[in-house]
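Values below: every heavy atom of this structure, side chains too, minus hydrogens, waters and symmetry copies. What you see is a predicted model; the values in this text were computed from it and never measured. Counting starts at 1 for both ligands and their atoms, following the listed order.
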Amino acid sequence: MAVANPLLRLFDYLPLDNTCTDTLQQGMRFMVPFGSRILPAYLISIESSSSVDPHKLKQIIEQTDLDTPTIDTEVLSLLIWCSQYYHHNLGQCIHNALPKNLRNGGANTLKEVQWSLSHKGLGLGPNSLNNAKKQAALVQHLREHGHLLDHQLKSFGFTRAIVNALLEKELIQRTEAKPSSHITAELNTDPLTLNTEQQTILDAITARSTFECHLIYGVTGSGKTEVYLQSIAYTLKQGKQALVLIPEIALSPQTLNRFVQRFNTKVICLHSKLSDGQRHTHWLQAKQGQAGIIIGTRSAVFTPFMELGIIIVDESHDSAYKQQSGFQYSAKDVAIRRAQQLDIPIVLGSATPSIESMHNAQTGRFTYHAMLSRANHAQPSSCSLIDMRNKPDYEGFSQTSLDALSQCVEQKQHAIVFINRRGFAPTLLCQSCHWNAQCINCDSRLTLHKRSNRLICHHCNHQTAPPNACPQCHATKLTPIGSGTQRSEDYLASAFKDTPVLRIDRDSTQNKDGLNTITQQLNNDQSAILIGTQMLAKGHHFPNVTLVVVLDSDSWLFSHDFRGQERMAQMITQVSGRAGRDEKLGRTLIQTQLPEHPFWGQLLADDYPALANNILDTRRATALPPFTHMALFRAEHKQLNRAIAFLQHCRDWLNQNAPNVQALGPYPSALTRKANSFRFQLQLTHTERRALHVAIQGLLTHLERTPFDKQVTRNIDVDPQDTL
Ligand code: ADP
Ligand code: ZN
Ligand code: ZN
């Protein structure tokens, strides 16, 4: 049995006394005693013996699934793979994959109410309902067709009152049936005529119905979505379903509409903001084949299907595909695994594919397609740098940016001010010579901890006070970069008093209507300034935006996270893709202290693949992913020394038992103290994935057998998206 708890192993239970084990199937739900509690459990296998002492072996308390297993074999084998790959308890993986109602024992089959004639009704004489014509008509219909589904009553012109009257006379009866699957390839609106680029890609995707991972690098507006739509139409024609993964729920109304307008088959969405009942129903509609297309966020990758024929991962570079706590899976990687397991095609699309994906395309693991022209003939926006060196700034804004904003406001257009707040550890930079604070022990930058006013090395914990002058050129202007975004925001509101300044971030768009409310506030005849973080770069359509200002761009170049430059390239490319999408020409202004940094040349040349190649070269030279495999072991405790001691214990064990695994740390996480707990981490790398996994497995088994400070909260992050 898989039981949701922190341990990695499975648990043995005795069946109920009167159970015939032949009726038990893998994936069925049970309730079992666990310690002092009763928990849901999932059947993984039936064994004839157990290593547990027979006197200690406990019996199942309840069998929840009597005939059909809730988790089908295909999804279960995917979850077993996840449990092993992410080193996470299988019960918790299953829990994560199920809608709440199913975790709580809700029905695992969708039933439809249908009406048929009762025994009395069948024996009814021909003229007995002469005074009630409508009732007679329904009886006649049931006599001819056997039954009528409840939801079809209306379409045949029968009301609830007619049903009730016949029920009262005991002439009809109510039964429940499993609805039949209903996947149709019919279209509501005609597809667009594809351009040559699109047609070539569609042909490649539909050439085979076996596993192939297609990576589409397509600039914003190149018409990737149209390719998805037509690939799906092809899949539906074969009677198969489609799964479309999107990074954010905020995107789903926009995406959903395009799909609903095109297809006649049922299109449903699955994300965390649906009610429990809706999620439950949608999940079952996918499983039983009533829906042809399922559009969902991260966890939708675990949806069961009657017959899945294609998976699309839109904006596949997006870090929202990675779950950041608990069961830390990457929905994109799980989707690829699932496509492989089902032997079906998968399509990853992005204007800025991840560096790993570009590498996979180069090594032939993925089939690469490029879409370089804009399908709607929109003009690409222009991008330029603003040199911030030795110029006055107004709470982070250059005069040029402020002038551009004023102009935009005067013309009653919309502007985006983009700030970066995540994935970044602030550092000290000399404005004259670009010196930045380095650790004396390590090849790494020191992080500025403002509250304690210390420079700290995140690798070896070396600490020092920030210098008053640059040690290299003695200039006294040392700038902390990567802080102060709040001041910039306040300044904007006071400088543009008559213009609405709207904030777009995870908080303001998190609920279902968040983004809609903001879009409604955006009047196209009136100016507006949108301030936003990463959320802005996620494919929303703001038609009247003509200016994008990127503040504090250097914080990315100096990020401690090895993905800093990649993220930066993605954000700026995505965000400038937001400007000028509807005929109006857009421009992007990037403020920087380092205008001659080679990174900018490639970014401004609008050559993402070249930039990606450069980043790949650096990763190769420094042995970082994808040229090595990485996992982070994080630990957290209210007492700093206990978090550190725990990780040191782990590192010592690895040094002894898996000397080829490189273990860096323990070093403090970027947010070292959170909710009064201290957070530290150990970075593990190995050039061979398998060796790394064997070592982690060994370490975790060791920790289960000989526990070391059980109070320290720990978790393992395989293929981390964020190393801070
Ligand atoms: P992407 O998903 O790559 O950002 P979209 O699929 O949203 O691009 O396409 C951008 C715009 O171009 C949309 O308005 C879409 O309707 C239009 N478009 C896409 N393909 C075609 C085509 N083959 N012919 C005409 N217009 C197209
Ligand atoms: Zn200097
Ligand atoms: Zn150091």
Exercise for review: Could you list the atoms of ligand 1 found under 4.0 angstrom from a heavy atom of T193?
Suggested key: 22 (C), 23 (N), 24 (N)
Practice item. Before giving the answer on ring-ring contact (aromatic ring centres under 6.0 Å, His included), spell out for Y368 and H214 the whole-Å C-alpha distance, their side-chain angles and the decisive distance to 0.1 Å. Key: CA-CA 6 Å; Y368 181 74; H214 298 271; over 10 Å; no
Review point. Side chains of S401 and Q591: is there a donor and an acceptor less than 3.5 Å apart?
Key: yes
Exercise for review: Find all atoms of ligand 1 within a distance of less than 4.0 Å from any non-hydrogen atom belonging to E226, and give their numbers and elements.
Suggested key: 6 (O), 20 (N)
Review point. Side chain, backbone, both or neither: which part of R258 has a heavy atom under 4.0 Å from ligand 1?
Key: side chain
Check your understanding: Quick one: do the Q323 and N96 side chains pair a donor with an acceptor below 3.5 Å?
Key -> yes
Exercise for review: List every atom of ligand 1 that sits less than 4.0 Å from any heavy atom of K224, numbering the atoms from 1 in the order shown and giving each element.
Suggested key: 1 (P), 2 (O), 3 (O), 4 (O), 6 (O), 8 (O)
Study note, to complete from the structure: residues 226-239 vs salt bridge (charged side-chain N to carboxylate O under 4.0 Å, His left out), sequence neighbours excluded, gives E226-R262
Check your understanding: Heavy atoms only: which of A351, S350, G223 is nearest to atom 5 (P) of ligand 1?
Key -> G223
Exercise for review: Please identify which atoms of ligand 1 are closer than 4.0 Å to at least one heavy atom of L194.
Suggested key: 23 (N)
Check your understanding: How does Q198 reach ligand 1, if at all, at less than 4.0 Å between non-hydrogen atoms: by side chain, backbone, both, or neither?
Key -> side chain
Point to revise | Element-labelled atoms of ligand 1 that are located less than 4.0 Å from some non-hydrogen atom of L192 | key: 16 (O), 18 (N), 19 (C), 20 (N), 21 (C), 22 (C), 26 (N), 27 (C)
Point to revise | Non-neighbouring partners of D190 that pass salt bridge (Lys or Arg N to Asp or Glu O under 4.0 Å), sequence neighbours left out | key: none
Check your understanding: Does at least one non-hydrogen atom of G218 fall below 4.0 angstrom from an atom of ligand 1?
Key -> no
Practice item. Return yes if a side-chain donor-acceptor contact under 3.5 Å exists between N195 and Q199, otherwise no. Key: no
Check your understanding: Which heavy atom in A493 sits nearest to a heavy atom in V501, and how many Å separate them?
Key -> CA-CG2, 4.2 Å
